[in-house]
A.B. asks: 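Before we start, here is the structure in question, set down as structure tokens.
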Amino acid sequence: MAKETVKKHNEKHSDFEELVESPDALAGRLTQSEDYVKKNKSKLLGVFALIAAIVVGGFLYYNYRSTQNQEAQQAMFQAVYYFEADSLNKALNGDGQYEGLLQIADEYSGTDAGNLANFYAGVALLKQGQYAEAAEHLREFESDDYLMQARAYSLTGDALLEQGQNAEAADMYVQAANYNENPFFSPQYLMKAGIAYEAANNFASATEVYDRIISDFAASAEVVDAKKYKARAEMMASGNQ
């Protein structure tokens, strides 16, 4: 195997020397290349056209998305203003001149502003008691910001809890607590998870999350209540056996 490799290398090296030292050999190779180009002109032009189309298309798409995001951000400005003023109907549906959060989330989906519109829309719908719709928009929201994403998980849990989906709500609270776990918000989410598990009559899981607060977040303000709720959950769990 090694001899064959050396032989092939020597043959390639010999061909290269021939091309460098012999003008006729070089001219022959160029002629062969020209013939190949002539014979395959249509194919080559098609390949070049495809590459050019991909490059131009990518550039145009990038510009389009940038423009879309700018337009969405401008529309968001007024919608957020209404949201902060507690004018939830205008925030959600617009005022006739400016688009509302629902339309922004739909029309500009895939943009940063459209993504954020889902979060605001979810919160506004939750405040209005439209829990199923709130959960739908909150689930559409995705963020690298650990505070907002965890908050979105927790709010989704609130929407599910209001619909009587206690076990699912508890799971969302645990997901919120686990997302970039921290001593400030994780204990709060775990407390909500414990209460939701109790509402679902899952006292074993409630006991586990209360115990997690006690052991992992001993300095948190939730520890006192966690100890009381854990004792209650343990009692209920033993009573159900």
Side-chain angles (χ1 to χ4, degrees), residues 55-166 168-193 195-196:
V55 172
V56 172
F59 177 75
L60 292 176
Y61 179 77
Y62 174 78
N63 283 340
Y64 169 76
R65 299 302 290 179
S66 297
T67 302
Q68 285 284 94
N69 199 41
Q70 289 176 0
E71 292 176 0
Q73 287 176 347
Q74 292 173 357
M76 275 289 290
F77 180 81
Q78 189 64 35
V80 172
Y81 170 80
Y82 284 131
F83 177 88
E84 292 178 346
D86 213 27
S87 297
L88 299 181
N89 283 326
K90 287 184 177 180
L92 286 167
N93 303 305
D95 59 4
Q97 181 178 0
Y98 295 98
E99 297 171 325
L101 295 167
L102 297 177
Q103 185 174 350
I104 295 170
D106 179 60
E107 185 176 345
Y108 300 101
S109 62
T111 67
D112 293 339
N115 182 47
L116 189 59
N118 274 312
F119 180 84
Y120 277 103
V123 176
L125 290 165
L126 188 60
K127 288 183 176 181
Q128 288 190 332
Q130 300 183 60
Y131 304 120
E133 295 83 355
E136 181 180 347
H137 280 281
L138 288 166
R139 280 177 166 145
E140 288 292 322
F141 175 73
E142 294 182 354
S143 175
D144 293 331
D145 186 294
Y146 77 95
L147 291 177
M148 288 197 68
Q149 185 61 72
R151 181 64 174 161
Y153 290 147
S154 177
L155 290 169
T156 303
D158 292 345
L160 293 171
L161 195 67
E162 291 289 349
Q163 297 176 79
Q165 300 177 43
N166 302 320
E168 294 83 354
D171 291 342
M172 290 305 304
Y173 294 137
V174 171
Q175 189 172 353
N178 291 340
Y179 191 82
N180 286 304
E181 183 180 297
N182 64 87
F184 303 104
F185 297 102
S186 292
Q188 298 176 27
Y189 298 142
L190 288 173
M191 280 296 298
K192 297 177 76 171
I195 293 170

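Side-chain atoms are counted along with the backbone in the values below, which use heavy atoms only and exclude waters and symmetry mates. FYI, the numbering just counts along the sequence from 1.
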A.B. asks: Indicate yes or no: at least one non-hydrogen side-chain atom of Val174 is less than 4.5 angstrom from one of Tyr189.
C.D. replies: no
A.B. asks: Glu181: what forms a side chain to side chain contact (heavy atoms under 4.5 Å, CB included) with it, not counting sequence neighbours?
C.D. replies: Asn178, Ser186, Arg212, Phe217
A.B. asks: Name all residues meeting the ring pair (Phe, Tyr, Trp, His ring centres under 6.0 Å) criterion together with Tyr153; count only those two or more places apart in sequence or in a different chain, and write none if there are none.
C.D. replies: Tyr179
A.B. asks: Can you tell me how far apart OG1 (Thr156) and CZ (Phe141) are? Round to the nearest 0.5 Å.
C.D. replies: 10.0 Å
A.B. asks: Between atom CD of Gln78 and atom CG of Leu101, what is the distance when rounded to the nearest 0.5 Å?
C.D. replies: 11.0 Å
A.B. asks: To the nearest 0.5 Å, how far apart are CG in Leu161 and CD1 in Ile195?
C.D. replies: 9.0 Å
A.B. asks: Count the heavy atoms of every other residue, nucleotide or ligand shown that sit under 6.0 Å from CG of Asp145, and state whether that count exceeds 12.
C.D. replies: yes
A.B. asks: Rounded at 0.5 Å granularity, tell me how far CD in Gln103 sits from OH in Tyr108.
C.D. replies: 7.5 Å
A.B. asks: Are any non-hydrogen side-chain atoms of Leu125 and Leu102 less than 4.5 angstrom apart?
C.D. replies: yes
A.B. asks: Partners of Asp86 by side chain to side chain contact (heavy atoms under 4.5 Å, CB included), sequence neighbours excluded?
C.D. replies: Leu88, Lys127
A.B. asks: Mind checking the CG-CD spacing from Asn93 to Glu99? Nearest 0.5 Å is all I need.
C.D. replies: 12.0 Å
A.B. asks: Mind jotting down which residue pairs meet the salt bridge (charged side-chain N to carboxylate O under 4.0 Å, His left out) criterion with at least one end in residues 152-161? Sequence neighbours excluded, please.
C.D. replies: Asp158-Lys192
A.B. asks: Can you name the residues that form a ring pair (Phe, Tyr, Trp, His ring centres under 6.0 Å) with Tyr98, not counting sequence neighbours?
C.D. replies: none
A.B. asks: Name the atoms and distances for all side-chain donor-acceptor pairs under 3.5 Å in residues 114-123, with sequence neighbours left out.
C.D. replies:
from, atom 1, to, atom 2, distance (Å)
Asn115, OD1, Glu142, N, 3.0
Asn115, ND2, Glu142, O, 2.5
Asn118, OD1, His137, ND1, 2.8

